[in-house]
Undergrad: 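Pasting in a structure now, in structure tokens, and then I'll have a few things to ask.
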2 protein chains.
Amino acid sequence: MALFDLLGRHWAMGVLWTLSEIGPCTFRKLQEDCESISPAALNTRLKELQAAGFVHRVEDGYAPTELGLRLYGQLRPLGDFSKEWARHLNAQD
Amino acid sequence: MALFDLLGRHWAMGVLWTLSEIGPCTFRKLQEDCESISPAALNTRLKELQAAGFVHRVEDGYAPTELGLRLYGQLRPLGDFSKEWARHLNAQD
DNA sequence: CTAAGTTGCTACATAATTTGTAGCACCTCA
DNA sequence: TGAGGTGCTACAAATTATGTAGCAACTTAG
């Protein structure tokens with residue numbers, strides 16, 4: 001699936017997630033919140049996400065588009081799943 | 001989110017997706033269905049997915065675990081979203 | 001028993017991607 | 001005019017992936 005090519009890049013989902021959680025924000029703030037993403041990679045991800053129509057530039061920096069927010073909506077359940085997964089991993093030890 | 005570290009690797013979601021769609025299958029069939037994944041990368045992904053508890057070995061090769069199938073369930077809506085997205089991209093041209 | 005096929009997987013050189021750090025060019029506001 | 005913020009580029013080093021070859025273990029057929 002072509003969508004996986006895009007999302008399966010380092011930090012692609014993280015950037016969209018962060019942007020959707022904290023709302024419109026600057027390049028630099030995004031860089032802080034995605035701990036240890038290099039500016040080069042962030043820039044590349046932002047360009048890809050913009051080309052894909054999930055993110056666009058706004059006055060205050062970057063923000064998710066309406067489509068981007070819908071994608072975030074699909075991703076959000078993974079947050080809860082992630083907790084269930086953590087419990088599973090602990091139970092394994 | 002830690003889950004994104006795992007899924008945001010090249011072919012990680014694709015492998016789980018394929019495995020859930022076509023059911024238990026061999027290493028080599030997985031390699032064919034994920035067109036152009038190198039055996040080294042596939043092996044790495046499989047080890048990671050096994051360590052995460054999403055995939056395990058079975059008689060016929062590899063199969064998603066129950067937890068893996070639940071994760072696939074969370075991912076599945078992305079399939080429909082992907083079509084919506086394709087429509088959106090075409091409308092842009 | 002042997003030879004052919006299939007399996008999972010490793011080896012390794014090349015290529016692509018990411019990091020980490022530095023810093024530039026542009027703006028705004030005092 | 002200079003102090004701060006902005007988005008972003010440069011570039012070497014590290015990490016990760018590709019592509020091709022092939023090995024070792026196992027099954028099956030003759």
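Lettering of chains follows the sequences in order, A, B, ..., and the numbering in each one begins at 1. Below, each value reflects all heavy atoms present in this structure, side chains not excepted, and no hydrogens, waters or symmetry copies.
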Undergrad: Quick one: B:R45 CZ to C:dC9 P, roughly how many Å, whole number?
TA: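 Value for this atom pair: 15 Å.
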
Undergrad: Which nucleotide in the list C:dT19, D:dT9, D:dG19 gets nearest to the side chain of A:K47?
TA: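 Of C:dT19, D:dT9, D:dG19, D:dT9 is nearest to the side chain of A:K47.
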
Undergrad: Tell me which residues in residues 1-16 of chain B lie within less than 4.0 Å of DNA chain C, going by non-hydrogen atoms.
TA: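 Those residues whose heavy atoms fall under 4.0 Å from DNA chain C, taken from residues 1-16 of chain B, amount to none.
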
Undergrad: What about A:R28, does its side chain sit under 3.5 Å from the base of D:dG5 through a donor-acceptor pair?
TA: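 There is none.
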
Undergrad: How many Å lie between CG on A:L19 and P on D:dG7, as a whole number?
TA: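 Value for this atom pair: 11 Å.
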
Undergrad: Let's see if you can work this out: which of D:dT18, C:dC9, D:dT9 has an atom nearest to the side-chain heavy atoms of B:R57?
TA: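 Closest of the options to the side chain of B:R57: C:dC9.
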
Undergrad: Any donor-acceptor pair under 3.5 Å linking the side chain of A:T65 with the backbone of A:G53?
TA: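 Yes.
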
Undergrad: Look at the aromatic rings of A:Y62 and A:F27 and report parallel, tilted or perpendicular, splitting at 30° and 60°.
TA: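 A:Y62 and A:F27: tilted rings.
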
Undergrad: What is the distance, rounded to the nearest whole Å, between atom CG of B:L42 and atom P of D:dT20?
TA: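 Roughly 17 Å, once rounded to whole Å.
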
Undergrad: For A:T44, which contact category applies under a 4.0 Å heavy-atom criterion: base, sugar-phosphate, or nothing?
TA: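 No contact.
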
Undergrad: By nearest atom, which of the nucleotides C:dT21, C:dT19, D:dT20 is closest to the A:P39 side chain?
TA: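 My answer, after comparing the listed nucleotides, is C:dT21.
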
Undergrad: Choose from C:dG8, C:dT19, D:dT6 the nucleotide whose nearest atom is closest to any side-chain atom of B:T26.
TA: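 Of the options given, the side chain of B:T26 lies nearest C:dG8.
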
Undergrad: Tell me which of A:N43 and B:A40 sits closer to the 5' end of DNA chain D, going by the nucleotide each one is nearest to.
TA: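 The residue whose closest nucleotide sits nearer the 5' end is A:N43.
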
Undergrad: Could you state the CZ-C1' distance from B:F27 to D:dA25, rounded to the nearest angstrom?
TA: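 Between C1' of D:dA25 and CZ of B:F27: 15 Å.
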
Undergrad: For the pair B:R28 and B:E32, find out whether any cationic side-chain nitrogen is under 4.0 Å from an anionic carboxylate oxygen.
TA: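 Not counted as a salt bridge, because no side-chain N and carboxylate O are separated by less than 4.0 Å.
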
Undergrad: Would you check if B:F4 and A:L7 make a side-chain contact, meaning some heavy-atom pair closer than 4.5 Å?
TA: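 No, their side chains stay 4.5 Å or more apart.
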
Undergrad: Begin from the C-alpha positions of B:E48 and B:R45 and carry the test salt bridge (Lys or Arg N to Asp or Glu O under 4.0 Å) through to its verdict.
TA: CA-CA 5 Å; B:E48 290 166 354; B:R45 280 312 86 79; 2.8 Å; yes

Undergrad: Under 3.5 Å, side chain of A:S82 to main-chain N/O of A:L78, donor-acceptor pair present?
TA: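 Absent.
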
